[in-house]
A.B. asks: 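The structure's right below; bear with me while I get my questions together.
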Amino acid sequence: MSEKIKVIACSGIGKVFGLMAREAALEAAEREPELAENVCLAHLVTGKEAAEKKVKGCSCITIDGCPALCSAKSVEEAGGVVKAKFRSVDIMRKHRGKDAGTGSVLTEDGWRITGELAEMVTDEVRKMAEEEKENV
Ligand code: SF4
């Protein structure tokens, strides 16, 4: 595969949903290092050419904390092709009543739920990589 799939989380500083998004993005790229890599959203939104070049025309997966979709919107603005969008708030709906932690520390449940989110993102990475291989 020529270009790795970009997995980009929102910043979400100070919010547990943001922390979950960032940890899930890191874990997904770690699980499939040959297929995926992370790009820093903060670098991208500063409009730095080098960062924009990393996503322009590339297949991207975004993970946002909430419906504001900061990552998905910024990546699209930078020319990235967002093929899948995830939100940590959605996976938390499946785990109503669980305490995932705070903006800086995840609980045991928080790590487990974040692992589930990372697995969903990794499955999407594998699926997209397969599709791109077939289309070459
Ligand atoms: S998507 Fe939500 S949690 Fe993430 S940076 Fe934007 S406002 Fe914060």
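Both counts, for ligands and for their atoms, begin at 1 and track the order of listing.
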A.B. asks: Could you tell me whether the side chain of Leu41 reaches within less than 4.5 Å of the side chain of Ser74, counting heavy atoms only?
C.D. replies: yes
A.B. asks: Pull out every atom of ligand 1 sitting under 4.0 Å from any heavy atom of Ala68, numbered as shown with elements.
C.D. replies: 7 (S)
A.B. asks: Verify the neighbour count for atom CD of Glu131: are there more than 12 heavy atoms of other residues, nucleotides or ligands below 6.0 Å?
C.D. replies: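 Yes.
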A.B. asks: Could you tell me which atoms of ligand 1, counted from 1 in the order shown, lie closer than 4.0 angstrom to a heavy atom of Asp64?
C.D. replies: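 Taking each heavy atom of Asp64 in turn, ligand 1 has 1 (S) under 4.0 Å.
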A.B. asks: Any N/O/S atom, side chain or main chain, of Cys66 closer to atom 6 (Fe) of ligand 1 than 2.8 Å?
C.D. replies: no
A.B. asks: Where do Thr114 and Glu27 land on the side chain to side chain donor-acceptor pair (under 3.5 Å) test, with the steps shown first?
C.D. replies: CA-CA 9 Å; Thr114 300; Glu27 193 177 327; over 6 Å; no
A.B. asks: Which residue and non-hydrogen atom of the protein lie closest to atom 4 (Fe) of ligand 1, and at what distance in Å?
C.D. replies: Cys10 SG, 2.3 Å
A.B. asks: Go through the side-chain N and O atoms of Ser59 and Glu132 and say whether any donor and acceptor fall under 3.5 Å apart.
C.D. replies: yes
A.B. asks: By number and element, which atoms of ligand 1 are closer than 4.0 Å to a non-hydrogen atom of Leu69?
C.D. replies: 1 (S)
A.B. asks: Considering only the protein, which heavy-atom contact is closest to atom 6 (Fe) of ligand 1, and what is its distance?
C.D. replies: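 Of every protein heavy atom, Cys70 SG, 2.2 Å lies nearest to atom 6 (Fe) of ligand 1.
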A.B. asks: Taking the side chain as every heavy atom from C-beta outward, state whether Met120 and Ile91 have any atom pair closer than 4.5 Å.
C.D. replies: yes
A.B. asks: Starting from atom 5 (S) of ligand 1, which protein heavy atom do you reach first, and at what distance in Å?
C.D. replies: Gly12 N, 3.2 Å
A.B. asks: Using side-chain heavy atoms (C-beta onward) and a distance below 4.5 Å, is Thr102 in contact with Val16?
C.D. replies: no
